[in-house]
Amino acid sequence: MSDCKTYYLTTPIYYVNDVPHIGHAYTTIIADTIARYSRLKGIDTFFLTGTDEHGQKIEEAARKRGKTPKEYADEISAKFKELWDEFEISYDKFIRTTDLEHIKGVQKAFLEMYKKGDIYKDYYEGHYCVSCESFVAPSQLVNDELCPDCGKPTRIIKEESYFFKLSKYQDAILKWLKEKKPILPESRANEVIRFVEEGLKDLSITRTSFEWGVKLPKEINDPKHVVYVWLDALFNYLTALGYGSEDESLVKKYWPAKLHIVGKDILKFHAVYWPAFLMSIGYELPKKIAAHGWWTRDGEKMSKSKGNVINPKEVADAYGIENFRYFMLREVPFGADGDFSEKALIDRINNDLGNDLGNLLNRIIGMAYKYFDGKVSSRDIEKYYANELSEAREIIKDIEEKYLWKMQTHKYLEELWKILSIGNKAIDTYKPWELMKNGEEDKAMALIGLIANLLAMVAVYLHAVMPKTTSTIADTLGFEINTERFNAINEGILLNDFVIKKIPPLFPKIEKPLMKKEEVKKEPENIITIDEFFKVELKVGEVIEAEEVKKSKKLLKLQVDLGEERLRQIIAGIKEYYKPEELVGTQVCVVSNLKPAKLMGMMSEGMLLAAKDDSGLSLIRPEKKKKTGTPIK
RNA sequence: GGUGAGGUAGCUCAGCUGGCUAGAGCGCCGGUCUCAUAAGCCGGAGGUCGGGAGUUCAAGUCUCCCCCUCACUACCA
């Protein structure tokens, strides 16, 4: 990976049916990190993101708002772009599937595939889910109608459709998946392989039921049809480079893509359909497709109805975009689902960033000024601290190959932090304050130099994750982060002598959560089904005996007849409200299948229904006398 | 139902082809230094390594059975 001359990577293009959420931010931030790293290394890098804007869902969403699809798409697309700009995402191109060049490119590709004989016309009939933009197999339907994925009703559609001969490429795809192993993480690869092995059906790739999409190439002359959104969308990776335009030089330069980063939900499209399309038009396949997981919040799935969706902008505003970036990349192994909680985020900022990194910088700023007027020199580091230095170099040596290119950012960062640990330990081990007392000034100076160099390494390798923060660190240490410096660090070249700058703490302690607690509108979650209700057996009972439980303020011991062979003993907390004698002979409502419990050492085999408010407690009783044991429904 | 992954310290997880007293980070407890953002450093807490059986001189690490979780997929309701 490190030997490529160019590096082309992409995020998915985001569907404009929704405003950006943490998942979009996560994907994009990973991609941005890889892109920045690649550039820092001196590789000619092209980083693409954008928005996916066609399809029936968009058409309908726009109509609801009284807008044209284009107006609506413009609006949402702009939100993505704004967010990425705010997040300093270093994309080289932001593509929109409504761009004219893209549309031309899709038409060109369609025509190519058509000419090759990979596309044929037929009919498609089936249940179609507008929301998911896909047909649902009859067997999958819930209640013969509802979409199993989103739960919304499907529509029966019979329409003329063009089909892509996906089945033709089954073996080739399988071979590619198995031999090239393009999918990260590998556990996902198995899923895709299984999917392909079970047989690929030809894919319906046009629709006639709506208009908001790319028209078929005019050569085919079939104006009823628009191109299926997924075909349309996937080709963005090529059209963004100018495929289908007069100038295809970027395609030549950057294709094939080195990396498509996707969410696990759309892996199949990228790992099966996309390669098949590419094979059909005779293009090379992407090198890697990396599928990441979802984010949950405080352990719960995020959803609009729960009102616990994380707005990435809110987090960034409260905690800083770079801290947020660090958190997301450090917190979760690539591919796994991650959990967002403010506590976890704060812990990362305070511990990792504040204590380990920021504070280490402060430690040497303090010492440098206390002992040497701020001067720092690398002069005697090799002489006194060769071990520490080589340990750190050892870590740097292969984190890139082992972790970064494999998207293992959490490991990458973990490794990097070991360097900070070496630094923090070294200070405690060699105790510069004692060195100074003992007149070993050179050794103290070298120690500060060592730490400065360790910090420089970390800053350079962390630059892709936290561009601004690391630039500040570099500035403090009298250097600039660039490719030259990157290479110098790798060659073991130490920092020039410099005067360290005094700066305020980079990561002030966060004492309490900073995000506004929005009123979470929760759907009532305690709705139960009728079946669940009937699990509770309620019966009318008559109180036969009643007596006080001594030593208890609240309890009465009752013998209740539920029309069973024997009386039930029920311990009820109603002593403050009812006297035993006024209960005997009256009817009550009893939960009869409650698990027996011991109260004050006595068995209680049921529970009385009662209502309690400020004015006291009242038993619930049948309005008219009923036979004992009558079930209550 | 099929396929795959996984069940290891309070939490999140490492533990490759079987082998010294089962590890890391966070959290917690104790100790300690003072350059520093009450940060750092050191030490500890002692987890039947999901359960059971087996192979072996030796098993989280291999075999078999069972239980549970998750993912993908199928199908019956």
Side-chain angles (χ1 to χ4, degrees), chain A residues 136-144 148-149 183 185-201 263-268 271-272 291-294 296 298-299 301 327 330-341 343-372 374 376 402-403 408 410-411 413-418 420-437 444-445 447-452 455 476 500 502-511:
Chain A
V136 181
S139 60
Q140 295 262 324
L141 291 172
V142 177
N143 295 338
D144 293 329
D149 293 327
I183 295 175
E186 285 206 32
S187 53
R188 295 268 157 214
N190 295 332
E191 291 174 12
V192 176
I193 288 170
R194 285 280 305 169
F195 173 77
V196 177
E197 278 175 344
E198 283 175 12
L200 297 176
K201 288 192 192 116
K264 62 185 183 182
D265 55 325
I266 56 172
L267 176 60
K268 201 191 293 175
V272 181
H292 68 247
W294 296 135
T296 54
D298 301 313
K301 212 172 164 180
F327 169 79
R330 174 64 183 81
E331 187 70 6
V332 42
F334 187 82
D337 288 349
D339 185 56
F340 176 90
S341 71
K343 182 180 183 312
L345 174 59
I346 293 170
D347 281 351
R348 287 288 174 205
I349 295 173
N350 284 346
N351 296 331
D352 295 11
L353 296 174
N355 296 349
D356 296 341
L357 174 58
N359 186 48
L360 181 60
L361 178 61
N362 270 28
R363 295 180 84 176
I364 60 165
I365 291 175
M367 288 189 283
Y369 277 94
K370 189 157 183 178
Y371 306 139
F372 304 110
V376 180
K402 269 165 87 175
Y403 307 119
Q408 298 289 333
H410 79 295
K411 290 288 287 181
L413 292 168
E414 200 179 310
E415 287 293 307
L416 220 43
W417 251 247
K418 288 184 185 167
L420 299 174
S421 174
I422 293 171
N424 274 317
K425 250 175 231 177
I427 297 177
D428 281 64
T429 306
Y430 299 105
K431 302 181 174 58
W433 47 95
E434 285 184 10
L435 294 175
M436 291 306 289
K437 275 184 214 155
M445 171 61 96
L447 183 73
I448 296 169
L450 169 73
I451 307 300
L455 282 167
T476 306
I500 197 165
K502 281 186 178 171
I503 56 162
L506 289 171
F507 309 98
K509 267 273 180 302
I510 295 168
E511 306 290 350

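Throughout, protein chains are lettered first and strands after them, A, B, ... in sequence-line order, and every chain is numbered starting at 1.
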[atom1] gap between [N] and [M], integer Å:
N     : M     : atom1 : result
B:U48 : B:G30 : C1'   : 28 Å
B:C20 : B:C64 : C1'   : 30 Å
B:U56 : B:C62 : C1'   : 10 Å
B:G25 : B:U8  : C1'   : 15 Å
B:A39 : B:U34 : C1'   : 11 Å
B:U32 : B:U12 : C1'   : 29 Å
B:C49 : B:A14 : C1'   : 13 Å
B:G23 : B:A45 : C1'   : 15 Å

Look only at the side chain of [X] and the backbone of [Y], and say whether a donor-acceptor pair between them is shorter than 3.5 Å.
X        : Y        : answer
A:Tyr369 : A:Ile500 : yes
A:Asp337 : A:Trp294 : yes
A:Lys431 : A:Asp428 : yes
A:Thr296 : A:Gly338 : yes
A:Asn359 : A:Gly354 : no

I want to verify the glycosidic state of B:G60; is it syn or anti under the 90° rule?
syn
Integer-rounded Å distance: [N] [atom2] and [X] [atom1]:
X        : N     : atom1 : atom2 : answer
A:Leu267 : B:U73 : CG    : C1'   : 14 Å
A:Asn350 : B:G27 : CG    : C1'   : 14 Å
A:Lys411 : B:A24 : NZ    : P     : 13 Å
A:Glu415 : B:G25 : CD    : P     : 13 Å
A:Ile183 : B:A71 : CD1   : C1'   : 14 Å
A:His410 : B:C26 : NE2   : C1'   : 14 Å
A:Phe334 : B:C13 : CZ    : P     : 17 Å
A:Gln408 : B:A14 : CD    : C1'   : 13 Å

Need one value for [X]: base, sugar-phosphate or nothing, where a base atom within 4.0 Å counts as base even if backbone is also close, heavy atoms only.
X        : answer
A:Lys268 : sugar-phosphate
A:Asp339 : nothing
A:Glu198 : sugar-phosphate

Does [N] pair with anything, Watson-Crick or G-U wobble, both distances under 3.5 Å, and if so, with which nucleotide?
N     : value
B:A53 : B:U63
B:A36 : none
B:A5  : B:U69
B:A24 : B:U12

Less than 4.0 Å between a side-chain N and a carboxylate O, is that true for A:Arg194 and A:Glu191?
no
Any Lys/Arg nitrogen of A:Lys418 or A:Asp356 sitting under 4.0 Å from an Asp/Glu carboxylate oxygen of the other?
no
Report yes if a side-chain nitrogen or oxygen of A:Asn190 is closer than 4.0 Å to either non-bridging phosphate oxygen (OP1 or OP2) of B:U73; otherwise report no.
no
Determine: side-chain N/O of A:Lys264 to OP1/OP2 of B:C72, distance under 4.0 Å, yes or no.
no
Which of these passes side-chain contact (heavy atoms from CB on, under 4.5 Å) with A:Val376: A:Leu450, A:Ile365, A:Ile448?
A:Ile448
A:Ser421 vs A:Lys343, nearer the 5' end of RNA chain B by closest nucleotide:
A:Lys343
Going 5' to 3' through nucleotides 29-39 of chain B, assign each nucleotide B (protein heavy atom under 4.0 Å from a base atom), S (under 4.0 Å only from sugar-phosphate atoms) or - (no protein heavy atom that close).
----SSBBB-S
Of the options B:A71, B:U73, B:C26, whose atoms approach the side-chain atoms of A:Asp347 most closely?
B:C26
Here the gap from A:Ile346 atom CD1 to A:Asn351 atom CG, rounded to the nearest 0.5 Å, amounts to 11.0 Å
